[in-house]
Amino acid sequence: VWRTGIEMQLIDNQKNTLAKQGPKNTAGGVYALYAPQKDATKRAGQWNQARVRAEKGKVTYWMNGEEVLSYT
């Protein structure tokens, strides 16, 4: 699926080298396509909650109850 579909990134923004390559690779974004509008992740060692909603061509991502990305 990762070759043809979209992927919501779930990653440690502070320690993972992939996240340090740029904002399109951080938690809450669409890997390598769209960056989240803000970092709503909790610090390492704590649980994060993610939500994805797709309706009528609009996709919205939330991290820990905060909307972080929306695209069509």
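These figures come from a predicted structure and were not determined experimentally.
- Linking Ile, Leu, Val, Met, Phe, Trp and Tyr whenever their side-chain heavy atoms come within less than 4.5 Å puts V30 and V68 in one cluster.
- Separation of atoms NZ (K42) and CD (Q49) is listed at 8.0 Å; rounding is to 0.5 Å.
- By the 4.5 Å heavy-atom criterion applied to side chains, T26 and P36 are counted as neighbours.
- Checked against side chain to side chain contact (heavy atoms under 4.5 Å, CB included), N25 has the following partners two or more places apart in sequence or in another chain: L18, Q21, Y31, A32.
- Note: E66 CD to R51 CZ = 13.5 Å, rounded to the nearest 0.5 Å.
- A distance of 7.0 Å separates CD in Q14 from CG in D39, rounded to the nearest 0.5 Å.
- Scanning both residues, A27 and T41, for their nearest heavy atoms gives CB-CG2, 3.5 Å.
- By the rule that hydrophobic residues join a cluster once side-chain heavy atoms approach within less than 4.5 Å of another member, M63 and I11 end up as members of separate clusters.
- Put simply, the side chain of R43 reaches to within 4.5 Å of the side chain of Q46, judged on heavy atoms.
- Taking CD from Q9 and OH from Y61, the interatomic distance works out to 10.0 Å, rounded to the nearest 0.5 Å.
- There is a path of hydrophobic side-chain contacts, each under 4.5 Å, that joins Y71 to L33.
- The CH2 atom of W62 sits 6.0 Å away from the CZ atom of R53 when rounded to the nearest 0.5 Å.
- Between A35 and L69, the shortest heavy-atom distance links the atoms O-CD1, 3.5 Å.
- A 4.5 Å side-chain heavy-atom check between V52 and V59 finds at least one atom pair inside the cut-off.
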